[in-house]
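Nothing here was measured: the structure is a model prediction, and the numbers come from that model. Counting convention: from 1, in listed order, for ligands and their atoms alike.
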Amino acid sequence: MAGETKTYLPPSCVSDVAHVKTMEQYADMYKQSVEDPGKFWGKIAENFYFKKHHEGEFFDYNFDISKGDVYIRCMEGATTNICYNCLDRNINNGHGDKIAFYWEGNDPMDSTSITYKKLLAEVCKFSNVLKSLGVKKGDRVAIYMPIMELVVAMLACARIGAVHSIVFGGFSAESLSGRILDAKCDILVTADGVYRGTKLINLKEIADEALELCTQGGHTVSSCVVVSHVTASIESCDGRHTMVWNKDVDRSWKDLMQSASSECDPEWMGSEDPLFILYTSGSTGIPKGVLHHVTGYMLYAATTHKYSFDYHPDDVYFCTADIGWITGHTYITYGPLLNCATSVMVAFEGVPLFPDPSRYWAIVDKYQVSKFYTAPTAIRALMKFGEEPIKKYSRSSLRVLGTVGEPINPEAWMFYHTVIGNSKCSIVDTFWQTETGGHVLTPLPGCTPTKPGSATFPFFGIVPAILSDEGVELEGPAEGYLVFKQPWPGIMRTVYGDHQRFERTYFTKFPGYYVPGDGCKRDEDGYIWITGRIDDMINVSGHLLSTAEVESSLIEHNLVAEAAVVGKPHSVKGECLYCFVTILEGSEFTQDLVKELKEKVRHHIGAFGTPDFIQNAPGLPKTRSGKIMRRVLRNVAKGNRDLGDVSTMADASVVEVLFKNRVEE
Ligand code: WTA
């Protein structure tokens with residue numbers, strides 16, 4: 001990955017106006033942020049409204065499990081409301097008529113916008129709706145709808161102190177129900193359907209199935225609020241889109257909103273009250289409910305958005321993510337609104353090619369976007385169409401181009417820089433996780449010289465280290481485990497309902513450190529390069545999937561005796577799923593079985609988790625103690641016969657058969 005060593009300096013049009021213009025300035029600010037976090041973040045907190053101010057230390061924490069429970073608290077005792085800070089505060093500062101969002105629908109003819117003032121009115125209305133449905137502070141609300149109303153619903157939860165749990169619209173009914181059950185959500189907010197490219201996804205049908213599964217699982221959701229998105233009204237369902245209306249549970253968003261008041265006082269929340277749960281894959285196969293709390297997340301979302309994109313009040317900012325993932329939470333909703341930004345929001349995540357591969361650039365020109373944020377997989381998908389669809393548009397407003405989700409390969413980085421950015425933009429490769437709340441390693445656009453494929457240096461407040469297998473901190477150029485040594489405001493507080501899992505997952509391997517689960521390298525100039533996951537997670541198009549989760553759905557099939565899943569490099573997705581299955585003695589491995597197995601995983605996880613390859617594996621390579629040797633399987637998937645040391649393999653003869661049965665594109 002660290003193949004490209006050329007360094008790119010920030011263009012002067014970015015650095016001349018940047019908040020941080022030189023590496024010296026970065027170094028000074030960084031030093032203060034890690035040596036005196038109270039002073040650094042305390043000053044930032046002054047920009048926000050606190051009903052009650054905090055006293056005492058900024059952080060109270062323990063990272064060292066050998067000394068007791070792990071915990072992180074920040075600005076404890078203060079009270080605030082993140083929705084108030086996103087909306088009311090900006091309106092009170094005279095920005096009520098500023099556009100908060102330009103919304104671009106799936107169909108290019110379908111676009112709209114909303115001001116801060118109007119957004120507040122909508123949010124207050126839905127806050128009152130939630131209250132009328134019995135939702136109180138601390139209650140969990142599930143939201144499953146990739147449309148504009150999602151922002152209204154999430155901010156309404158935050159306003160009344162309810163904890164939102166947003167589920168990406170591409171997840172299956174099973175995944176949705178598992179998440180609703182885990183958090184015991186009483187309310188689900190969804191839409192009738194949504195278009196993704198030319199495909200209509202019947203969200204309500206999936207939601208109905210999920211609610212049925214919840215009831216079977218012992219928890220009945222009391223209300224399901226449905227937005228009419230693809231049909232003009234709930235009553236006007238046509239043949240294309242059918243919907244079953246369950247009178248006991250289903251409520252029409254439109255009807256409820258019509259009679260709701262547009263005023264609602266915010267609930268003043270303690271700094272360490274929960275804000276939201278967002279599920280992320282766990283290596284055991286069961287998703288973890290990552291829990292973020294109010295104040296720390298607020299400060300971190302706003303500050304990273306301001307500095308990583310060098311955000312200024314006249315910018316138009318466009319993040320192509322879906323709000324169902326953490327990138328959307330922090331860098332579509334909370335970060336930009338806290339900074340009173342004008343953002344473009346799209347409703348076709350994963351489809352940058354609809355209706356044609358120029359769509360992003362048409363949007364960039366239409367709104368004069370200056371800061372753009374996307375994923376390497378989208379860049380690679382666009383690269384396939386060459387330069388022509390990009391050059392059709394001027395893109396002259398662009399200044400900063402961000403990327404997130406997976407290591408960006410130098411070829412995609414160069415394409416982003418030279419073709420999309422016309423060699424006139426700063427590229428920011430932002431490394432972070434659902435768990436970190438915001439960017440933890442990233443260049444700053446106006447000052448950091450970049451190297452293609454490196455996330456460069458730590459953000460303010462972040463103290464990274466590289467550990468050896470033995471847990472020794474490595475200095476200078478080195479490769480090992482990436483860890484963080486002290487807390488930052490946006491770090492997750494726990495796994496919802498399972499604090500031990502939180503401690504086990506992130507703080508047990510190396511006591512005293514937060515362990516994100518990624519490997520990294522530091523080069524001779526101190527640049528950090530993420531080398532990929534060190535656990536059994538696979539990153540498909542920027543979405544982490546656990547091998548255990550995929551394997552358990554394959555094994556559910558009655559002909560499958562055993563399954564092992566590995567990631568195989570893929571030119572657009574980064575990695576794709578390559579599955580080895582051992583079927584029961586006497587049964588036949590057929591193409592129908594392959595289809596059934598793919599469908600099984602798709603049904604269990606969602607469309608984005610569908611495996612690309614399923615191969616017949618009469619035997620799996622195992623150590624003498626019975627552990628599957630995934631390293632060998634990864635090589636088989638790639639067709640690489642150079643297997644390295646296989647002396648611990650119990651039965652080496654299985655490998656030849658695996659190569660024989662290999663599935664190619
Ligand atoms: C990977 C997404 C390299 C990494 C915000 C991390 C990256 C996981 C980068 C988190 C990057 C994310 N370079 N790898 N710039 N950004 N990753 O929770 O493995 O969906 O641990 O959060 O994605 O994925 P998550």
Side-chain angles (χ1 to χ4, degrees), residues 1-2 166-168 170-171 276-283 287-292 297 300-301 304-305 308 319-332 334-335 349-350 373-380 401-410 412-413 416 427-443 448 450-459 462 464 481-484 490-492 495 505-506 514-521 527-546 567 573-575 608-609:
M1 183 55 63
I166 299 175
V167 180
F168 169 59
F171 273 118
F276 68 81
I277 303 168
L278 184 57
Y279 286 84
T280 182
S281 296
S283 53
K288 305 180 282 264
V290 170
L291 187 70
H292 283 286
Y297 176 82
Y300 205 64
T304 48
H305 176 259
S308 302
C319 168
T320 70
D322 188 293
I323 296 180
W325 303 108
I326 191 67
T327 305
H329 280 59
T330 308
Y331 299 112
I332 294 179
Y334 289 115
E349 191 249 4
Y373 196 27
T374 197
T377 182
I379 301 169
R380 288 191 300 262
L401 302 176
T403 138
V404 57
E406 56 177 307
I408 180 165
N409 47 312
W413 196 102
Y416 208 18
I427 307 290
V428 288
D429 176 0
T430 61
F431 168 84
W432 61 297
Q433 309 177 292
T434 306
E435 294 88 333
T436 67
H439 307 146
V440 286
L441 301 176
T442 178
T448 315
T450 46
K451 298 188 188 190
S454 167
T456 72
F457 301 113
F459 190 76
I462 303 293
Y481 297 93
L482 174 67
V483 295
F484 298 112
I491 185 175
M492 71 185 285
V495 169
T505 311
Y506 306 101
Y514 169 82
V515 184
D518 285 276
C520 77
K521 270 192 223 181
Y527 282 68
I528 299 176
W529 303 73
I530 301 295
T531 50
R533 300 291 307 180
I534 49 167
D535 49 18
D536 290 331
M537 293 297 200
I538 302 177
N539 193 324
V540 179
S541 301
H543 307 318
L544 285 187
L545 289 166
S546 97
K573 300 180 186 180
E575 281 183 294
F608 70 98

| Under the side chain to side chain donor-acceptor pair (under 3.5 Å) test, which residues partner Asn539, sequence neighbours left out? | none

| query | Who's touching ligand 1 if we go heavy atoms under 4.0 Å? | reply | Ile326, Thr327, Val404, Gly405, Glu406, Pro407, Asp429, Thr430, Phe431, Trp432, Gln433, Thr434, Glu435, Asp518, Ile530, Arg533, Asn539, Leu544

| Is there a side-chain contact between Thr304 and Trp432 (heavy atoms, below 4.5 Å)? | no

| note | Here the gap from Leu482 atom CG to Ile530 atom CD1, rounded to the nearest 0.5 Å, amounts to 5.0 Å

| said: Between Tyr331 and His439 (judged by ring centroids, cut-off 6.0 Å), do the two rings come close enough to count as a pair? | reply: yes

| field | Sub-6.0 Å ring centroid separation between Phe608 and Phe168 | value | yes

| message | Tell me which one of His543, Glu406, Glu575 satisfies side chain to side chain contact (heavy atoms under 4.5 Å, CB included) with Thr377. | response | Glu406

